[in-house]
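Remember, predicted model here, so these are calculated numbers, not experimental data. In what follows, chains carry the letters A, B, and so on, assigned in the order in which the sequence lines appear, proteins first and then strands, with residues in each chain numbered from 1.
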4 protein chains.
Amino acid sequence: MTESTASKRRAPRADARRNRDHILDTAEQYFSEHGVTGSLDAIAKRAGIGAGTLYRHFPNREALLASLLSARDEQLVARRDELRTSAKNAAEALDGWLNAVTDWACAFDGLPEPLRAATTTNLSPLAVTCQGFITTTDEFLRAAQDQGEARADIRALDLFLAALATSWVRGAAMADAASGAALAALTRSGWEQAPDHSNTRRTA
Amino acid sequence: MTESTASKRRAPRADARRNRDHILDTAEQYFSEHGVTGSLDAIAKRAGIGAGTLYRHFPNREALLASLLSARDEQLVARRDELRTSAKNAAEALDGWLNAVTDWACAFDGLPEPLRAATTTNLSPLAVTCQGFITTTDEFLRAAQDQGEARADIRALDLFLAALATSWVRGAAMADAASGAALAALTRSGWEQAPDHSNTRRTA
Amino acid sequence: MTESTASKRRAPRADARRNRDHILDTAEQYFSEHGVTGSLDAIAKRAGIGAGTLYRHFPNREALLASLLSARDEQLVARRDELRTSAKNAAEALDGWLNAVTDWACAFDGLPEPLRAATTTNLSPLAVTCQGFITTTDEFLRAAQDQGEARADIRALDLFLAALATSWVRGAAMADAASGAALAALTRSGWEQAPDHSNTRRTA
Amino acid sequence: MTESTASKRRAPRADARRNRDHILDTAEQYFSEHGVTGSLDAIAKRAGIGAGTLYRHFPNREALLASLLSARDEQLVARRDELRTSAKNAAEALDGWLNAVTDWACAFDGLPEPLRAATTTNLSPLAVTCQGFITTTDEFLRAAQDQGEARADIRALDLFLAALATSWVRGAAMADAASGAALAALTRSGWEQAPDHSNTRRTA
DNA sequence: GATGAATGAGTGTTCATTCAT
DNA sequence: AATGAATGAACACTCATTCAT
C-alpha cells in the first residue's frame with residue numbers, strides 16, 4: 001500500500017530529501033539548545049535555507065517536532081522489544097517502559113508541554129505519536145495487571161501522562177534530577193505506607 | 001518583620017497602595033482569562049495605569065505572580081490549620097494538604113511552570129512562596145512518617161513537585177480532569193500492586 | 001490568426017489541454033471565493049497540479065484572468081447581438097451594453113482594478129480583452145450619437161471606464177448594491193437638473 | 001470639553017508629538033511614492049523609529065491613513081467655505097465640491113479603495129472622515145436640489161462614491177487624466193442626450 | 001510537458017522593559 | 001510616584017516565481 005502511493009510520487013527528489021534531513025538535524029540541535037519554543041526562523045537560517053522551505057516541509061512547529069520525535073521511535077520500539085523479552089516480570093517491564101518514555105520526553109526542554117497538549121487535542125501531528133506510545137503503555141500495563149503486579153484501576157493514558165509529568169519535573173537541564181526520579185518512584189509505589197499488619201514487603 | 005522594613009518608607013502613599021491593590025485585582029482577572037503568560041502591558045492598560053507604574057510595584061512577571069499567590073496564602077494556611085485538627089490521621093492530613101496545593105497551583109493556566117522553576121532557581125520571588133509550602137508539606141510528611149503512614153524515603157520537595165505536576169497535568173480548563181485526579185492517586189498509592197500473600201482480590 | 005500559430009505546435013497534447021481547462025475551472029471557483037488577488041499557488045494545489053504547470057499555461061496572474069474572462073466573451077457577445085436586435089432604440093442598446101459590461105466586471109472581487117490598469121498599460125494580456133469591449137462600446141455609442149440619443153462629446157473609453165467604476169463601487173458582495181446602480185444611473189443622466197424653462201418647482 | 005480631557009493628559013510629551021509628526025511626514029512621502037499599500041515597516045524604518053512606535057501611534061494602516069487625510073481636512077474645509085461664498089450658483093458649488101473631493105481622494109495611489117471600504121464598514125477610522133465629507137456633500141446637494149439645479153432622486157452617498165470612483169479611474173499618476181475628468185463630467189451630465197425638441201423631458 | 005522544491009524578502013503585530021517627562 | 005512613549009528584535013507565516021529533476 002505504502003509502496004504504491006510512494007511509486008506515484010516517484011522521485012522524492014534527492015535535494016529535497018537532503019534538505020529535509022538537514023532541517024531535522026539542525027532543529028534537533030537548535031531545540032536542544034533553546035528548547036522547543038525556539039525560533040523556527042532561526043532554525044531555517046542556521047540550516048542555510050529559506051523560511052519557506054522549512055514551512056514547506058513542516059507546516060508548523062508541531063509537525064517538525066513530530067518528525068523529530070518519530071525519528072526516535074525506533075529507539076523506543078527497540079526498547080519495547082527488549083523489555084518484552086528481557087524484563088524479569090511484567091512490573092519491571094512496565095517500569096522500564098515508563099522510564100523509557102520519560103527519557104524520550106526529556107529530549108528537549110519544554111517538550112512535555114506540547115506532548116501533554118497532544119494527548120487531548122487530537123489535532124496535533126504529535127497526537128498520533130503519543131497515541132502509539134499510549135497503546136504500547138497499555139500493553140505493558142495489561143500484562144502487569146494480568147500478572148497481579150499492577151493495580152486494576154489504572155489507565156494507560158494516566159501512566160503516560162505521569163511519565164510526561166516526570167519529564168516535566170526534570171525540566172530544564174539544570175533541574176534537580178533526583179526529583180524527576182522521585183516522581184517516577186512515586187508513580188510506581190506512592191508515598192503511602194501500606195498499613196501492613198503482618199509483613200508486607202515492598203521494594204522501594 | 002516585614003512591617004519593620006516598611007516603617008522605613010513611612011507612608012506608602014494612599015494612592016500607591018490603591019494602585020497596587022488595583023493591579024493585583026486586575027492581574028488576577030487577566031491571568032484567569034489568559035493564563036500566566038498574558039501580556040503585562042495589557043494588565044496595566046486594563047488597570048488604567050501606566051506600564052511604568054506596574055513595573056514600579058512589580059519589577060517582573062514573577063514578582064506579580066508571587067504577590068498574587070501570597071494573597072491566597074491565607075486560604076492555604078487556613079486549610080492547613082483545618083487539616084491539622086480535623087484530619088482523622090496523618091495520612092489523610094498529608095493527602096488533603098497535597099490536594100490543596102494542587103488546587104492552589106491550578107489557579108491560573110500555566111502557573112505550574114514558573115512554580116517548578118522557582119523550586120530550583122531560588123532567584124525568583126516565587127521561591128519564597130514555594131519554600132513556605134514545601135516546609136508545610138514537610139511538616140505533614142514527617143507527621144505521617146512518624147505514624148508509619150508514609151514511607152520514610154520520601155522528601156517533601158518531591159511531594160510538592162508531584163503536586164505541581166498534578167496541576168500541570170490538569171492543565172488548561174479543557175484538560176482531562178480525571179487524569180489529574182489519577183496522577184494524584186498514583187502519587188499516593190502508585191500503580192504497583194503489593195504482592196499479596198493471602199488471596200489477592202481483584203475486581204476487573 | 002491565432003490558429004495558424006497554433007498549427008505550428010501541432011498537437012497541444014490531450015493532457016495539456018485537459019490541465020489547462022482544469023486550471024481555468026479551478027481558478028474560476030477560487031477567484032469567486034477569494035477575489036482576484038487570491039494565491040496562485042493555492043489554485044495550483046486545488047487543481048492538483050504543480051505550480052510550474054500553472055505557470056507554463058499562464059505566465060502570470062493577468063494571463064490567467066484574461067483567459068478566464070475571455071471564456072465569458074461568448075456571453076457578452078451574445079448579449080451584444082441580442083441588444084442590437086431587440087433594443088427599442090440606440091440609447092437603450094448602449095445602456096444595456098454598459099450594464100452587461102458592469103456585470104461582467106463584477107465576476108470576481110477586485111477584478112475592476114486590473115481591468116482598469118489594462119486600459120492604460122497595453123502590456124497586460126487583459127488589454128486585448130478590454131480593447132475588444134471598448135470597440136463594441138464604441139459601436140453602440142456611435143449608433144446612439146448618430147440617433148442624437150447620446151451626447152457627441154463622449155468617448156467610448158470613458159464609458160467603458162465608467163462601467164468599470166460602477167463595478168468597482170459595487171465592490172465586494174457585501175457592498176451597497178443601490179450605490180452601484182446609482183452610479184450607473186448617474187453615468188447615464190448625471191445629477192444635474194436640466195434648466196427647465198417653464199417652471200419646475202421641486203421641493204427637497 | 002475637549003480642553004478638560006486634554007488637561008488630564010497634560011504633556012503630550014514633546015518627543016512623542018515630534019515622533020508622531022515625523023511619522024506622518026514620512027508616511028505622506030512614502031505613500032506618495034509607493035501607494036497606500038506600501039510597507040508600514042518601511043515607513044517606520046525610514047522615519048528612523050522602531051516598528052512598535054509606529055504601531056503605538058497608529059494601530060493599523062487605516063488609522064495612519066485617517067490621520068494623514070484629516071491633516072488635509074483643513075484644506076477641504078477651506079475649499080468648502082470658499083465654494084459657499086464664491087460659487088455663482090448651487091450647481092457650481094456642488095460641482096466644485098465634488099471635484100475637491102476627487103482631488104483629495106487622489107492624494108495617494110490606491111487611496112480610493114480603503115475610502116470606499118470605509119463607507120460601508122463603519123469600523124474603519126476612515127469611516128468618520130468619510131462621513132464628514134458625505135455630510136458636506138449632502139449640504140451642497142440639498143442646496144442644489146432646492147434651487148432645482150440637481151435632480152431630486154440623487155443621494156449624497158452616491159455622489160461621494162462617484163467622486164471616489166472618479167479618483168479611482170484617475171488611478172496611478174500614469175493614468176489617463178482625461179478619463180478622470182470625463183467620468184466627473186459624466187457624473188454631472190450623463191451621456192444621454194436630452195431629446196429636447198422644445199421642452200426638456202427627462203426620464204428619471 | 002509536468003512537477004514541486006526552493007527561494008527569501010515581506011507581512012502585520014506583539015511585548016517586556018527602560019527612561020524621559 | 002506616576003506616566004506612557006520608545007524600543008526593536010522577534011514572531012509565525014505567505015507567496016509569486018524560478019528551475020532542477
For atom [atom1] of [X] and atom [atom2] of [N], their distance in whole Å:
| X | N | atom1 | atom2 | answer |
| --- | --- | --- | --- | --- |
| D/I43 | F/dG8 | CD1 | C1' | 17 Å |
| D/F58 | F/dA6 | CZ | P | 10 Å |
| D/I23 | F/dT7 | CD1 | C1' | 12 Å |
| A/K45 | E/dT7 | NZ | C1' | 14 Å |
| D/E62 | E/dG12 | CD | P | 12 Å |
| A/H22 | E/dA6 | NE2 | P | 12 Å |
| A/L54 | E/dA9 | CG | C1' | 16 Å |
| A/R46 | E/dG8 | CZ | C1' | 19 Å |

Let me know which of [options] forms a side-chain contact (heavy atoms from CB on, under 4.5 Å) with [X].
| X | options | answer |
| --- | --- | --- |
| C/C130 | C/L115, C/T120, C/N122 | C/L115 |
| A/P114 | A/L65, A/T37, A/L69 | A/L65 |
| A/F31 | A/L111, A/D109, A/I43 | A/I43 |

If we ignore hydrogens and angles and just use 3.5 Å, is the side chain of C/R116 paired with the main-chain N or O of C/W168 as donor and acceptor? no
B/T121 vs B/L126, test: side chain to side chain contact (heavy atoms under 4.5 Å, CB included). Steps then yes/no. CA-CA 10 Å; B/T121 64; B/L126 288 171; over 6 Å; no
Hey, is the side chain of [X] poking within less than 4.0 Å of OP1 or OP2 on [N], counting only N and O atoms?
| X | N | value |
| --- | --- | --- |
| C/N19 | E/dA2 | yes |
| A/T53 | E/dA5 | no |
| D/R56 | F/dA5 | yes |
| A/R61 | F/dA12 | yes |
| D/H57 | F/dA6 | yes |

Both D/G52 and C/G52 contact DNA chain E. Which one's nearest nucleotide lies toward the 5' end? C/G52
Here's a test of your reading of the structure: between B/T37 and D/L40, which maps to the more 5' nucleotide of DNA chain E? D/L40
Side chain of [X] only, please: which of [options] is the nearest?
| X | options | result |
| --- | --- | --- |
| D/A16 | F/dA6, E/dG12, F/dC13 | F/dA6 |
| D/D41 | E/dA5, E/dT11, F/dT14 | E/dT11 |
| A/S39 | F/dT7, F/dA12, E/dT13 | F/dA12 |
| A/A51 | E/dT7, F/dT17, E/dA9 | E/dA9 |
| D/Y55 | E/dA2, E/dT13, E/dA16 | E/dT13 |

With nearest nucleotides of DNA chain F determined for B/G50 and C/N60 from heavy-atom distances, which residue corresponds to the more 5′ nucleotide? B/G50
When the nearest nucleotide of DNA chain F is assigned to D/R20 and to B/I49 on a heavy-atom basis, which residue is associated with the more 5' position? B/I49
Does the structure show a Watson-Crick or G-U wobble partner for F/dA12, both distances under 3.5 Å? Name it, or say none. E/dT11
Could you tell me the Watson-Crick or G-U partner of F/dA6, where both distances fall under 3.5 Å? Say none if there is no partner. E/dT17
Can you name the nearest heavy-atom pair linking B/S67 to B/R20, along with the distance? OG-NH2, 3.8 Å
